[in-house]
Amino acid sequence: CAQRGSSGALSAFTGLSVVSLLSLGYLSWDWTRPNQLENEAGGAATQPQRPPHVVFIMTDDQGYNDIGYHSGDIRTPTLDRLAAEGVKLENYYTQPICTPSRSQFITGRYQIHTGLQHSIIHPRQPNCLPLDVPTLPQRLQELGYSTHMVGKWHLGFYKRDCLPTRRGFHTYLGSLTGSVDYYTYHSCDGPGVCGYDLREGEKVAWSQAGKYSTHLYTQRVRKILASHDPAAQPLFIFLSFQAVHTPLQSPRSYVYPYRQMGNVERRKYAAMVAAVDEAVHNVTYALRKYGYYRNTVLIFSTDNGGQPLFGGSNWPLRGRKGTYWEGGIRGVGFVHSPLLRRKRRVSRALLHVTDWYPTLVRLAGGNASEGLDGHDAWAAISEGRESPRLEILHNIDPLQKRVRHGSLRRGWGIWDTAVQAAVRVGDWKLLTGDPGYGDWTPPQTLPSFPGAWWDLERYTQTRKSLWLFNVTADPYERNDLSAVRPDVAKQLLARLAYYNRTSVPVRYPTEDPRAEPRFNGGAWGPWAADEEAELEPRRKVPHKKGKAKKRKQ
């Protein structure tokens, strides 16, 4: 299965094995059952005597090839050392864009079960993480934790009840929208629709403007660690860097080591990664200095793949941010902790961003609630056991533009292949509809290349609406096996059909002009009254093709 060692994957690569699914009995499953995942292999590991402190660090748009131990041109000595001394997660998946990954991390639920399966939450949309869904920090608070968030939220803010301090965090410092200037904290949602976006708690933090966000957020974490008593109460910190998302900004000192890099965008991007690496060094130094380290679990994760047009790289994986190819969803991640039973190793256990919720709740001494799509993966991470997860629903998006050449007939009457969807089961991955831009973009590609040169690298193919890959044997998704193994394709289509029956309608309301900063003191923030009724949470809104296309461009 997908969590087997790299030697097996390499041998399969030389002689493509497509019978591994059969050999493991996956095709004998009842594909209409609610749960195809067995929890025996992932049973709870031995708990530490005291609940551990947890520091979860998430970066934004950091690609698979944007960390030292994967990259040939970016240096991250701190992250490399922490990963080498801990457990590298090399079969770990997130979502392809910001809001979905963050929502699934904080709820442990697939986005089809929270209504956030389409796009992101835009600043003027009266939408946020469903208020009736318990969050990870809320559960940790119930278990006695002091909970703090620093950095990017991007889970909606139209009402005060949507803010981080109302969703389980005792303190918050950060930005509510998806992208801000790293120094001025200026954020725009279209021409002329701009405002300030930095908050401390529920108030606008005007006085913090001018400080580079990566440094500001690191200083806040160090302050939290210095002021808290590690022996008195367990601590949970969610450090959500806006780096390395656009705009590409950093102090000049970080750019200098990469001055010989010909690709200007990549040079700026590498400097931002270097600033993050230094920030993580300062956080781990503070953990040691203030007495947390021996009982701390530190988790590092990106939220989605990199964007090659703005310096990121997912090479040699296919695709980029916003796509369901491996380059958009194969996450960079590792766990570093003295509490790990087996350290200094690479884990190929199949893991997903939803797994952090039940894993951390169990580590904290609680029981994961029902209704989660995540699984307690601590035994797989810490002890090297088999993963409790055997499949991942990457998403089903009914509002995404349908492809003209897809149909129910092409899905053997099981699934309409015009619908954008993707699922992974064991070694196999199936995609339908429009998975997104599917090129392989090498890191040496310059954004300033003449158009004809760029076209030489573009991948072209006949019109399709269904793909099937053995991603263990073919991690670069070059060999579509949908025509060779229709039996496997049908089984995965049946899984999509099952998941679709469990989904809730999409929450994607039209934009509200009251949200504009000019009506709210020049800053982004809640604009609906606290007593104002929540919008119909399960209302489908017609997809605006023109606006979506403009945003994509």
Separation of Tyr217 OH from Ile237 CD1 (nearest 0.5 Å): 15.0 Å

Taking C-beta and beyond as the side chain, do Val55 and Ile299 meet within less than 4.5 Å on heavy atoms? no

Return yes if some donor-acceptor pair links the side-chain N/O of Lys152 with the main-chain N/O of Gly178 below 3.5 Å, else return no. yes

For the student: nearest non-hydrogen atoms of Val204 and Ala523, plus distance: CG2-CB, 3.9 Å

Minimal heavy-atom distance between Ala380 and Ser347, with the atoms involved, is O-OG, 4.3 Å

Quick one: does NZ or CZ of Arg139 land under 6.0 Å from the six-membered ring centre of Tyr357, within 45 degrees of the ring axis? no

Hey, are Glu90 and Lys88 close enough for a salt bridge, meaning a charged N less than 4.0 Å from a carboxylate O? no

Distance-minimising heavy-atom pair for Leu339 and Trp378: O-CZ2, 4.2 Å

Tell me if a side-chain donor or acceptor on Glu477 pairs with a main-chain N or O of Glu326 at a distance below 3.5 Å. yes

Ring-plane angle category for Phe169 and Trp153, please: parallel below 30°, perpendicular beyond 60°, tilted otherwise. perpendicular

CG (Asn314) and CD (Gln307) are apart, to the nearest 0.5 Å, by 8.5 Å

Between Ser187 and Thr177, do the side chains contain a donor N or O and an acceptor N or O under 3.5 Å apart? yes

Report yes or no: does Ser503 contribute a side-chain atom to a donor-acceptor pair with the main-chain N or O of Asn500 at less than 3.5 Å? yes

Name the residue from Asp60, Asp61, Asn304 that meets the side-chain hydrogen bond (donor to acceptor under 3.5 Å, both in side chains) definition with Lys321. Asp61

Which atom pair, heavy atoms only, marks the closest approach of His375 to Pro388? CB-CG, 3.8 Å

Is it true that His245 and Tyr182 share a donor-acceptor pair across their side chains at a distance under 3.5 Å? no

With the threshold set at 4.0 Å, does a side-chain nitrogen-carboxylate oxygen contact exist between Lys203 and Glu200? no

Would you call Asp434-Lys401 a salt bridge at under 4.0 Å N-O? no

Give a yes-or-no answer on whether the side chains of Arg330 and Tyr92 include a donor-acceptor pair shorter than 3.5 Å. no

With a 4.5 Å limit on heavy-atom distance, are the side chains of Leu198 and Leu216 in contact? yes

Students often mix this up, so state it plainly: with edges at 30° and 60°, are the rings of His122 and Tyr508 parallel, tilted or perpendicular? perpendicular

Would you compute the distance between atom CG of Leu350 and atom CG of Leu89 and round it to the nearest 0.5 angstrom? 11.5 Å

Would you compute the distance between atom OH of Tyr110 and atom OG1 of Thr502 and round it to the nearest 0.5 angstrom? 9.5 Å

Side-chain contact test, heavy atoms from C-beta onward, threshold under 4.5 Å: evaluate it for Val425 versus Gln491 and give yes or no. no

Classify the ring geometry between Trp325 and Trp467 as parallel (under 30°), tilted (30 to 60°) or perpendicular (over 60°). perpendicular

Check: Pro230 main-chain N/O paired with His53 side-chain donor or acceptor under 3.5 Å: yes

Is the backbone of Gln62 close enough, under 3.5 Å, to the side chain of Thr302 for a donor and an acceptor to pair up by distance? yes

Asp355 and Gly374 have their tightest heavy-atom pair at OD1-CA, 3.3 Å

Can you confirm whether Tyr172 sits close enough to Leu163 that some side-chain heavy atom of one is under 4.5 Å from a side-chain heavy atom of the other? no

Side chain to side chain contact (heavy atoms under 4.5 Å, CB included) with Gln95: which of Gln117, Arg102, His352? His352

Closest heavy-atom pair and its distance - Gln233, Tyr145: NE2-C, 3.7 Å

Enter the distance from Tyr324:OH to Asn395:CG here, rounded to the nearest 0.5 Å. 3.5 Å

Look at the side chain of Arg362 and the backbone N and O of Ala377, then say whether any donor-acceptor pair between them is shorter than 3.5 Å. no

Using the side-chain hydrogen bond (donor to acceptor under 3.5 Å, both in side chains) definition, which of the options Arg389, Gln104, Gln111, His113 pairs with Asp373? His113

The criterion is ring-ring contact (aromatic ring centres under 6.0 Å, His included); which residues satisfy it with His148, sequence neighbours excluded? none

Is the closest side-chain heavy-atom distance between His394 and Val423 below 4.5 Å? no

